[in-house]
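For the numbers below, each heavy atom of this structure counts, side chains included, while hydrogens, waters and symmetry mates do not. Please read all numbers here as calculations on a predicted model, not as lab measurements. Sequence lines set the chain letters: A, B, ... in the order given, protein chains first and strands last, and positions in each chain run from 1.
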Amino acid sequence: MSFTLDHICSVIGAECPRKVKDVEINGVSSIQDAHPDDICFISNPKYIKHLESTNARAVIVAKGTPVPNTVIPLEVDNPYFAFVEILALFNTRSAINIASGIHSRAFINPDTVLGKDVSIGPFAVIGAGVKIGDDTVIGPCTVILSGSSIGKDCTLYPNVTIMDGCEIGDRVILHAGVIIGSDGFGFAPHEGHYTKIPQIGCVRIEDDVEIGAGTCIDRAAFGETVIEKGTKLDNLIQIAHNVRIGSDTVIAAQVGISGSTSIGSGVRMGGQAGLAGHLTVGNGASVGAQAGVTKDVTPNETVSGYPAKNHMKAMRLEAALRHLPELMKKVKNQERTIEELERIIKERS
Amino acid sequence: MSFTLDHICSVIGAECPRKVKDVEINGVSSIQDAHPDDICFISNPKYIKHLESTNARAVIVAKGTPVPNTVIPLEVDNPYFAFVEILALFNTRSAINIASGIHSRAFINPDTVLGKDVSIGPFAVIGAGVKIGDDTVIGPCTVILSGSSIGKDCTLYPNVTIMDGCEIGDRVILHAGVIIGSDGFGFAPHEGHYTKIPQIGCVRIEDDVEIGAGTCIDRAAFGETVIEKGTKLDNLIQIAHNVRIGSDTVIAAQVGISGSTSIGSGVRMGGQAGLAGHLTVGNGASVGAQAGVTKDVTPNETVSGYPAKNHMKAMRLEAALRHLPELMKKVKNQERTIEELERIIKERS
Amino acid sequence: MSFTLDHICSVIGAECPRKVKDVEINGVSSIQDAHPDDICFISNPKYIKHLESTNARAVIVAKGTPVPNTVIPLEVDNPYFAFVEILALFNTRSAINIASGIHSRAFINPDTVLGKDVSIGPFAVIGAGVKIGDDTVIGPCTVILSGSSIGKDCTLYPNVTIMDGCEIGDRVILHAGVIIGSDGFGFAPHEGHYTKIPQIGCVRIEDDVEIGAGTCIDRAAFGETVIEKGTKLDNLIQIAHNVRIGSDTVIAAQVGISGSTSIGSGVRMGGQAGLAGHLTVGNGASVGAQAGVTKDVTPNETVSGYPAKNHMKAMRLEAALRHLPELMKKVKNQERTIEELERIIKERS
């Protein structure tokens, strides 16, 4: 696949130098790994140094960036966003790779409501009473149990499990191995053993949510576990029962959120962070990678470390800790000095 | 679905005021989110404040709790346990959602022994020599490889994998995506590369164990990896080869237990804790969330932090650390004072 | 299954005492759990004490180890490696357990290229344009999407997902639930929401790699995510887009590696470690369990803790921290002493 620079410039809204408008671009790349007919971009100034040595034919840069004459500069206001548009242009991946039409080897309960142009792959299972919206694609070996509903324009990759009675909005993307609606972890101690607490609630995923491979979202004990509109979850995340996550929040891989915790909108969490149960994380807050959150987080606050603290405070403590060994030496020296002073004073008395 | 208060009271052993015995209850809820015909409960005193504003028709409370006359009180000794009974009453979820009878599109090796009333969903695979006990339900796309056995009254949700030669007891629940009997992580360094150590052991899961979505339990290198009776594991947990976990232990999500570590009975572990290999954790011990356990834990001890320490000690160190910056200032001030004292003494000598 | 000691000795290169060469050995075991006809081994000297009480018939030991005459000693240079050979001897597990031949209930797109003696289990899905090398075994319910290629002598266990356009080398082992080629976590903030960045790259897994159950490897945004030759990954690991992992590296369970980070060859990582994005970890480095790596790691360096530091430095800080409460007391005492000295000096002035 190739595009002319002229076409590329029209996509990203850059001006194309006339002499090079017929130059063909074959691929996209990072500035370090570029082949001679690739296009790349610079958004972070620390990569500008690679402009001298890159093999790339063209580079998308912020207006006014100095570019050596071995590379064709394409100037835009936002190079990162322009590059995203170029990735979309070169994207040959397609939902057809997952499923195209309703495969004869899928098992679809007769009591289902399928929208127009739904695709369902081989060995997918659609349970009784399930509703699937128009243009949604269900991958091979994906299982949707009875009473769940999936909106329009969704993509469910292979080996996904949607348990019974869950609700998925429109344009939701569930990557391979996602599990929605598994039982929450609820047991009541009773005579030395644990009695299972029935988990009779459900999971509701709103529109435009994307959920990464292998992530698990437990159903509520009663009521709902909710992921609001536009939120993006990475891989291997654990969302416990009755958690609520606000809109446009991003959560990195392997985070764990305990039961009944409520996360605001526009929140960002680093990988492997863990949150205790029954907490509230305010809108716009940030939680650092590997943080262990044991208390509420106020809106727009940044917390990090274990137990999680305000990030500035955590940084000061970390800096102080690094100086602890020399502090110990200093106190030891002071001890000697004080003893010496005491001795002198005693002698003179 | 609805039940009269009279019926609900008979289930939980509460006395029903005569005037309200025909009142219909339609659902269960938390005290904050209740609809007008819901029932809810108060176990934790901090929620008592919501009694004034709740929409709930009835509330399960401990005997003697003052309740405003806008809500019908149902008094019991243990409100939490009574509520679990109410959840069971309102539970409409059923194993039929997973599989009902043996589906024509399951693949069942002829050389298997199936008990009475076994259900197997579409695209499940039952390998040669597998035994499955009475009334067990196997979900769609679940794979049980040759020589494994599953007890009576078990539920295996969709997309579960049981590798060859593993043994599962009675009344075991395996949530979606669970993997039992994958190879342990064993490699011998040999001439600059790693040689795979054959993992020829198996996994044995005893009766009444429940294992959460996406959790992986590796088979032993030789001998067995064992999960004893009544133990409950949450989602996305890693259990390495030759681990043994005692009875009635509860382990929260994303915990990782390294090879050959032995966990006692009645142990509790918080989420994302990690345990090194070849350790012993005594009966009744507690391991805090995100703890990094590098040494044995004695029976009934509580440990937390990284590296994990006795919890009281860890709390003291954490408190001390918070005061480190002011300690540093104090030592700096002392330094000045000592220098001043030295100067004075020198002058006077 | 049983083998004579004579045969066992010939396999491991030990001398067999003539009197016992016909003794039959029925199994392998640890020295503590051995049955009377088992063979076991001692590599770690701390287990020598169990020689007096073991039930094992024979034990593999380093040359010159004193062994009581209740056990038959088999002396070798490297008891651990000899034991691995014995495990292989007693290994009755076979790829036939997973799949044998091409199952009639697999779905194989007509446009595929299958090598000789490929086995594919029931309900596996092989997409258009997929190539599979000789003697490779594909488990039940495993899905390989269009355009991916798998080498020779590979084993893909059940419920694995290989997304479109990925490349897997020879002799690769992918355990149950592995997901290769899911989308990287890339979103551009745009007018208060997140716009998905197309992930148009792929994943390349080189020869002799083994990947543990439930591990996820995301495809590159553009270019490749790469796992080089001979590297071994444990269970439930997260590898983000554009990560590159060198050859003969071992990574324990639940590690998370963020986008574009580059790991060298011969690296070792403990469980639950987390690495930030765009880092470089040098050849031969070691990363401790649960470490939070936020900076580059130099070749052969060992780091641990959060944020990760040189391990020796982290140990010193940890030791210092343990003494912090007594340091605080000491400073408090000094304070009193200094005040007393000041008072005395003032009196005398």
So which of [options] has the largest heavy-atom pair count under 4.5 angstrom toward chain B?
options: A:D218, A:I344, A:T142; answer: A:D218
options: A:D183, A:V125, A:L321, A:T215; answer: A:D183
options: A:I237, A:L341, A:L236; answer: A:L341

Checking heavy atoms, do the side chain of A:K196, its backbone, both or neither come under 4.5 Å from chain B?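 It is both, since atoms from each part get that close.
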Please look at A:A314 and chain B and tell me whether the side chain, the backbone, both or neither of the residue comes under 4.5 angstrom of a heavy atom of that chain.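 Neither part.
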Proximity breakdown for [X] and chain A, heavy-atom pairs closer than 4.5 Å:
X: B:L233; answer: backbone
X: B:D33; answer: neither
X: B:E342; answer: both
X: B:A176; answer: both

Can you check ring-ring contact (aromatic ring centres under 6.0 Å, His included) on B:F83 and A:F222, steps first, answer last? CA-CA 11 Å; B:F83 193 68; A:F222 49 91; 5.1 Å; yes
Least distance between heavy atoms, B:Q254 atom then A:V255 atom: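 Closest pair (atom of B:Q254, atom of A:V255, distance): NE2-O, 3.2 Å.
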Please rank B:S29, B:G266, B:G177, B:S304 by heavy-atom pairs under 4.5 Å with chain A and give me the top one.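 The answer is B:S29.
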Using the ring of each side chain (for Trp, its six-membered ring), is A:H190 parallel, tilted or perpendicular to B:F81, with breaks at 30° and 60°?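 Judged by the thresholds at 30° and 60°, the geometry between A:H190 and B:F81 is parallel.
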Test item: A:H193 and B:S247 side chains (from C-beta on) under 4.5 Å apart, heavy atoms: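 When only atoms from C-beta onward are counted, B:S247 and A:H193 do not touch, as no gap falls below 4.5 Å.
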Can you tell if the side chain of A:F187 reaches within under 4.5 Å of the side chain of B:E210, non-hydrogen atoms only?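 Yes, side chains in contact.
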